[in-house]
Structures are given as structure tokens and as C-alpha cells.
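Have a look at the structure below, then the notes.
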Amino acid sequence: MAQAGEKNVAPALEARDLTLSWDGEHIVVQGVSVDVAPGEVCCLVGRSGCGKTTILHALAGLTTPVSGRVLLHGEDVTGRPGRVSYMLQKDLLLPSRRIIDNVCLPLVLAGARRDEARAKAAPLFERFGLAGCERKWPSELSGGMRQRAAFLRTYLMGADVTLLDEPFSALDALTRTDVRRWFVDVAAELGLSALVITHDVDEAVSMASRIYVLAGAPSAGEPSHVAGVVEVDRVESESFELTDEYLAAKRQVMALLG
Amino acid sequence: MARPVDRTEPSRARRVLTPLLTIVALLALWQAVVVVGIVPNFLLPTPVQVVQALVEDAALLASHCVTTLAEAAAGLAAGVALGFVFAVLMDRFEGFYLAFEPLMTISQTIPTVAIAPLLVLWLGYGALPKVVLVIISTFFPITVSLASGFRSVDPDVIDLMRTMNASRWQIFWYAKLPAAADQFFSGLKISATYAIVGAVIAEWLGGNEGLGVYMTRVRKSFSYDRMFASIIVISALSLGLMKLVELAQRACMPWKRAERNNNER
């Protein structure tokens, strides 16, 4: 897999020295830089309340940083929403739309006719484990299935980079593990460039090829910063979670978190 | 030993029969109270006399009914349209919300019976003052329910749609409007009953036609059986309108059935 660390691969997404604030006065995040290479899944790990979602909001263009820039394939997209695909913690499926129309939403919002959008989305239902769910209402799906539908909707946003904000945290432990493994497979198959934020170290190590560890306590007046970057030596294994490489990466992340 | 609590839902037959039997029992008690002479008949007609009056005056009641229903429907339609516009403006412009929200609450503290004679004085004995009174009565529940429905949308949904480059109109159409539908129909149900009552009160205080006019006439002639007959008709109209709103809600919100089924499982 391509690594942003390799000098000849231009990052798909770059955050350069981002400094962020909730209210314009108190700094929450100080000088954070993150790179996501094409086809790479990275994780941003940090304790609750350290400003992870604030960083993702800035990367998605929903907020403007106090200083710093966000570049997409070298183009400055700071404070411009709609340039990256974004999946939030909750599935946020619209209860009033059938699943097919929920996943088609980005296409319809971009101006596609409903039947065109449906025709484009329908073949993907099987790959995303949603076959037979097209005409169902969101309330008729389980948490795991709703999350898959939300991920398909995110994929159909069609941007080169996908941001995921603790996408599996609302699921129970068993479903979370299943959906996580499924996500890793699908992301690899689709060549997804993604930045996932999580507070779960196991989740980060099992998904990412590179982990940015965020440290700090903004509520105590100490802005968060990147304490270190851990490269995960991903070995092809059915049970990667039991390998030495996995444990070594986990140990490094835990040490950086303090 | 404590018995386990029975949490099973009552059967449909039980849900229908229980209130029906209660009504029949109350009617029987009413009939008995008058027949035995506990309450004199000239003050309180028996249910049988009320039904007889209803049958005898059916044609007359129907013609007054049409007038009242037309005034209520026109007022309700205008009230809904006005309420919708106000709710959208309140949602869109914070200043508009701050300016009009207290005024609307104050407007609801003015009793309808106090304002109706003024409307008749200003607008005459025709249909207009009745329709205006219905608009005043129905506009508030619609505006409040819609405005609060628009504000009930999860802000994360709006953020998500912004990341999809959704326009303000698209956010309104796809997220806000469906989110407000439930509360809108609750407001519409209340407004439907207010519409009939509002029209009748306005007719009562001045007019030539309608159930309110019929009521003032039969009251003056001490025909209390006819008075009760008109009350039954007014209740039936309100119930009918509420039922229509329920049917419209079911047709407009098909996803609610799936949610109900899911909750029952």
C-alpha cells in the first residue's frame, strides 16, 4: 500500500499546522499536521474531548481553522465543505426515505435524477452487504446494517478522500468487530483513502496503516497536538490482532497516549 | 407471592367495546334520570328526544352544517398556509423568530368569544368574520408545531448535508420538512377541532347561517333537544375532521408504520 511517508507519493489529503478553536478564543488543537496517501487508511487516536471531531470538521470544511491549511491533492480547500466524503458517528439516515433513497442522497443533491441515482447505487448493495434492503425504511434495519448503508452513502459522495468520525462506536462489541473487519476489506478493495478517528486503540491498530496519536487536554487549557505517528506493519493474516506486529503497534500507541 | 405484571396490549375488540359500553351506560343513566324525574324534562331532554330532534331537523342541520364546514375549511386552509409561511420565516430568520414568537403567544391568550363580536362589527354578518376567526384560532398551533419541528432536526444531519454541498432549500426539503411532519400533524389535529368551534362561536355571535346560528335560534325557543342535536353534529364534524387528518398523516408518512411495527416487535 502507498505510504505518504514515501517521498514520491503525493498525499491525497494534507492538513498543515492546523490550529483550531471552538469559540475563536480558546485554542483546542495546536499545529496538527496529518497526511493521507491515496489508497491509505489512517487513524487519528485520542482520548475523548481532545478535539478529534473538531479536526475532522475542519478537514471537511465545516469550520475554518484559526491558522493552517487543508489541501486536497495540493489544492487549498480550507473552509470549503463538499470536497471530501464525511461519515459521522451516528448513521444519520433520514427516517423518511427508503434505504435506496438514503444512499442515493449525495447523487440526488448533486443534481442526478432519482432513477439515475438509484440505477447507479443498486449494483453496490450486494458488495456492501445490503442486498434486499433497497426498499426498506431505516427503522427496519439493525444497527450494523444501518452503518453499512451510511457507509455506502458516504462512498457515493464520490470524493477522493473519506473522513470517518468514530463510525462504529454506536454498535455493540460483536457487531463492531464484524463491521470493522468488513470495512477493512471493502476499503482495500475500493482503494479508499480514509482518515478514521477513534478513541479505541484496538480499532485504530486493526484498521490503519498509520496512526496519528493526539495528546492534550483542551478542557484543562492544554491544546491537543500530535504526540507521535505510529506506522503499523500490517501483515496479511486472518488473525492480525494476535500477531507481534499488532501488539508492537498497540504498545507504541498506548505509550504515546500516556 | 407477587403476580407478574401483565403487559400485553388489550385486544382490538376490547379497545372498541369498552368505551362503547361506557357511552351506552351513560346514555341509559341519562335517560333514567329524566324519566324518573330527578331532573325535569323541560331542563334536560332525554337521549331519545335528542335523537328524534336530530332526525326531524336532519335537512335543516345538514344545510347549516355545510355553511359551518365551508367556513371552517376555508379558515383552516388559510390558517395552515399562513402558519407554514410564518414557521418557515421563523426558522430562516432568527430576528423574525425573536420579533414574533412572544406576539403569537400573547395572541393566544385573547379569548375567541371576546374577539368574535369585534370581527362581526368590523367585517359584517357574512362568512368573512367567521373565516378570519378560524384563521386566528388555527394559525397558532400550526406555526408552533412546524417551527418546533424544523428546529428538532439533528444538527449533525445538517452538517452531513453541508458536506454533500446541499443548498438551504435541499436541507429544508430533505431533512427539515419530514422531521417536522409528525409535529405538524399533531398541530393540524388540534387546529381542525379549533376550526369547527371557532366557526360556530363566530356564527353564534352574529350571522345568518351555520350551526351557531341554528343554536341561537333553538335556544331562544327553548328547544333543548335541538340544542343537544346540534352539539352532537358539531362533535361529529370535529371527530370527522380529526379522522381526515389522521388519514392524511398515514398517507404522507408511510415510514411511521414501519417504525411502529419495529417498536412492537
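Only a predicted model underlies this, so the values are computations on that prediction, with no experimental measurement involved. So that the names make sense, note that chain A is the first sequence line, chain B the second, and so on, each numbered from 1. Only this structure's heavy atoms are used, side chains among them; waters, hydrogens and symmetry mates stay out.
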Need one label for A/Arg80: side chain, backbone, both or neither, based on atoms under 4.5 Å from any heavy atom in chain B.
neither
Return yes when atom CD of A/Glu126 has more than 12 non-hydrogen atoms of other residues, nucleotides or ligands closer than 6.0 Å, and no otherwise.
no
B/Leu160 vs A/Met87, side-chain contact (heavy atoms from CB on, under 4.5 Å): CA-CA, chis, key distance, verdict
CA-CA 8 Å; B/Leu160 178 73; A/Met87 179 171 167; over 6 Å; no
With a 4.5 angstrom heavy-atom cut-off, which part of B/Asp156 approaches chain A: side chain, backbone, both or neither?
both
Is B/Pro254 close to A/Trp137 at the side-chain level, that is, under 4.5 Å between some pair of heavy atoms?
yes
Which bit of A/Lys136 comes within less than 4.5 Å of chain B, counting heavy atoms only: side chain, backbone, both or neither?
neither
Flag the pair B/Thr163 / A/Val84 as yes when at least one side-chain heavy-atom distance between them is below 4.5 Å, and no otherwise.
no
4.5 Å side-chain heavy-atom contact, A/Arg83 and B/Asn165
no
What part of A/Arg98 gets closer than 4.5 Å to chain B, counting heavy atoms only: side chain, backbone, both or neither?
neither
Partner chain A: residue of B/Met253, B/Met164, B/Lys256 with the largest heavy-atom pair count (under 4.5 Å)
B/Met164
Might you confirm whether atom OH of B/Tyr194 has over 12 heavy atoms from other residues, nucleotides or ligands at distances under 6.0 Å?
no
Residues, nucleotides or ligands: over 12 heavy atoms within 6.0 Å of A/Arg69 CZ
no
Under 3.5 Å donor-acceptor, B/Gln170 side chain and A/Leu109 backbone
yes
Flag yes if more than 12 heavy atoms outside A/Trp22 fall under 6.0 Å of its CH2 atom; otherwise flag no.
yes
Flag if over 12 foreign heavy atoms under 6.0 Å of CZ, A/Arg127
yes
A/Leu62, part contacting chain B, at a heavy-atom distance under 4.5 Å:
both
Does any part of the side chain of A/Lys90, heavy atoms only, come nearer than 4.5 Å to the side chain of B/Val157, both counted from C-beta?
no
Nearest heavy-atom contact between A/Ser96 and B/Tyr174 is OG-O, 4.4 Å
Hey, what do you get for OH (A/Tyr86) to CE (B/Met161), rounding to the nearest 0.5 Å?
16.0 Å
Residues, nucleotides or ligands: over 12 heavy atoms within 6.0 Å of B/Phe150 CZ
yes
